Visitor: 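There's a structure below that I have some questions on.
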Amino acid sequence: MPSLPRIALQSLPLTLFLMVCSVGLVALSAIPSIGVQLGPLVCEAGETMVYETTRWSSPGKSGESVAYFCESETGRTPADTSQIIFWAAIAYVVLWMLIVWPIVTLFRYRSARNEQRLSREGIPASATIQSVQQTNMVVNRMPVLRITLKVEPDGRPPFETTMRRTTPEIFIPYLQPGRTVPVLLDPSKPSKVILRFDEIAQHSIAADAAHADQDEGLETLRSLKTMLDEGLIEQSEYDAKKTEIMERM
């Protein structure tokens, strides 16, 4: 069973990365109403925070600026912008930690449980790697790859599928286009596929060893044929060696 606390810790770097990347989406200059909601924390009792938007332009440039004021019956005074930024930052972090982080954690926890279920109940099949592309994402110091597979399940027509998968760097050399890798199909949704990382390395090493033995056998046969043509060995010796090598291949 996947550990929820462990997955929560693993999800924290991704949450922080997304939080930093999306700061610009909630900038006070872009959404002034966010700053207004912070009025009770910045303005005095009996005052209401308001804002004014001013558009400006200069040769080759244009923009928009926002000014905040604490307004009361006696007039208005400029609000302390540093306090607005401080409390907005606090609210932003709390929002991500109390809402987004749990959502990311639960999503990854559900994904981990699903993969664990498939490791027990999945239908084994083989797939040929069509393409591998590295995305710009890194999760827990592992790159996220975009992998396209041609899956060939037993008794079913082949199909192509594309997945994004966090991949330990040790497995990347084995995920090259043209290689055949073991996969598992979801019994309830056969089009859903997961890679069997526990078997990929073993499968690839065995395939490489088989190709190496085949290449060595072919080279030996060529040498024997040359020796036969030059009269260095008899036809019976050549036939016997050829049969032995072909049985190994």
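Excluded from the calculations below are hydrogen atoms, water molecules and symmetry mates; all remaining heavy atoms, backbone and side chain alike, are included. A quick note: this is a predicted structure, and the numbers were derived from the prediction, not measured.
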Visitor: Are any non-hydrogen side-chain atoms of Val50 and Arg76 less than 4.5 angstrom apart?
Guide: yes
Visitor: Specify the closest pair of heavy atoms between Leu149 and Gln130, including all atoms of both residues, with the distance to one decimal.
Guide: C-CG, 4.1 Å
Visitor: More than 12 heavy atoms of other residues, nucleotides or ligands under 6.0 Å from CZ of Arg120: yes or no?
Guide: yes
Visitor: Does one hydrophobic cluster hold both Val100 and Met97, with members joined at side-chain heavy-atom distances below 4.5 Å?
Guide: yes
Visitor: Got a sec, which hydrophobics cluster with Leu9, joining ILVMFWY side chains under 4.5 Å apart, including via others?
Guide: none
Visitor: To the closest 0.5 Å, what do you measure between OG (Ser131) and CD (Glu160)?
Guide: 8.0 Å
Visitor: Can you name the closest pair of heavy atoms from Val193 and Met163 and give their distance?
Guide: O-CE, 3.4 Å
Visitor: Grab the two heavy atoms, one from Ser72 and one from Gly46, that are nearest each other, plus how far apart they are.
Guide: CB-O, 4.1 Å
Visitor: Any chance you could measure Ser65, atom OG, to Trp56, atom CH2, to the nearest 0.5 Å?
Guide: 8.5 Å
Visitor: A quick test of your reading: do over 12 heavy atoms of other residues, nucleotides or ligands sit less than 6.0 Å from CZ of Phe107?
Guide: no
Visitor: Where the side chain of Thr167 meets the backbone of Val144, is there a donor-acceptor pair that is under 3.5 Å apart?
Guide: no
Visitor: What are the two closest heavy atoms between Ala125 and Pro153, and how far apart are they?
Guide: CB-CA, 4.0 Å
Visitor: Any donor and acceptor pair, going by atom type alone, linking the side chain of Arg108 with main-chain N or O of Gln10 inside 3.5 Å?
Guide: yes
Visitor: Under 4.5 Å between side-chain heavy atoms, counting indirect links through other Ile/Leu/Val/Met/Phe/Trp/Tyr residues: same cluster for Phe17 and Met142 or not?
Guide: no
Visitor: With rounding to the nearest 0.5 Å, note down the distance linking CZ in Arg165 to CG in Leu175.
Guide: 10.0 Å
Visitor: For Ile84 and Tyr68, what are the C-alpha separation, side-chain angles and deciding distance, and is it a side chain to side chain contact (heavy atoms under 4.5 Å, CB included)?
Guide: CA-CA 9 Å; Ile84 297 175; Tyr68 292 91; 3.6 Å; yes
Visitor: Any link between Trp87 and Val94 through a network of hydrophobic side chains (Ile, Leu, Val, Met, Phe, Trp, Tyr) touching at under 4.5 Å?
Guide: yes
Visitor: Using distance alone, with no hydrogens and no angle criterion, decide if Thr162 and Thr148 have a side-chain donor and acceptor under 3.5 Å apart.
Guide: yes
Visitor: Would you say that more than 12 heavy atoms from the other residues, nucleotides or ligands in this model lie under 6.0 Å from the CZ of Arg117, or not?
Guide: yes
Visitor: Between Glu47 and Glu73, is any pair of side-chain heavy atoms under 4.5 Å apart?
Guide: no
Visitor: To the closest 0.5 Å, what do you measure between CD (Gln83) and SG (Cys43)?
Guide: 9.0 Å
Visitor: For the atom pair CZ (Arg156) and CG (Leu185), what is the distance rounded to the nearest 0.5 Å?
Guide: 6.5 Å
Visitor: Are Phe159 and Val183 connected in the hydrophobic side-chain network, where two residues link if heavy atoms are under 4.5 Å apart?
Guide: yes
Visitor: Please test Leu195 against Ile147 for side chain to side chain contact (heavy atoms under 4.5 Å, CB included), starting from the C-alpha separation and ending with a verdict.
Guide: CA-CA 10 Å; Leu195 290 170; Ile147 306 172; 3.8 Å; yes
Visitor: Please examine the side chains of Thr135 and Leu145, heavy atoms only from C-beta on, and report whether any two atoms are closer than 4.5 Å.
Guide: no
Visitor: Look at the side chain of Tyr92 and the backbone N and O of Met19, then say whether any donor-acceptor pair between them is shorter than 3.5 Å.
Guide: yes
Visitor: Looking at every heavy atom in both Ala79 and Cys70, which two are closest together, and how far apart are they?
Guide: CB-SG, 4.0 Å
Visitor: Would you compute the distance between atom CG of Asn114 and atom CD1 of Ile194 and round it to the nearest 0.5 angstrom?
Guide: 7.5 Å
Visitor: List the steps and the verdict of side chain to side chain contact (heavy atoms under 4.5 Å, CB included) for Phe69 and Met49.
Guide: CA-CA 6 Å; Phe69 301 91; Met49 181 178 286; over 6 Å; no
Visitor: Run Val132 and Arg146 through side chain to side chain contact (heavy atoms under 4.5 Å, CB included) and show every step you take.
Guide: CA-CA 6 Å; Val132 179; Arg146 185 175 184 271; over 6 Å; no
Visitor: Spell out, as yes or no, whether a donor-acceptor pair under 3.5 Å connects the side chain of Trp101 to the backbone of Ala8.
Guide: yes
Visitor: Is there a path from Leu41 to Val66 through hydrophobic residues (I, L, V, M, F, W, Y) whose side chains come within less than 4.5 Å of each other?
Guide: yes
Visitor: Taking all non-hydrogen atoms of both residues into account, name the closest pair between Leu184 and Leu118 and its distance.
Guide: CD1-O, 3.4 Å
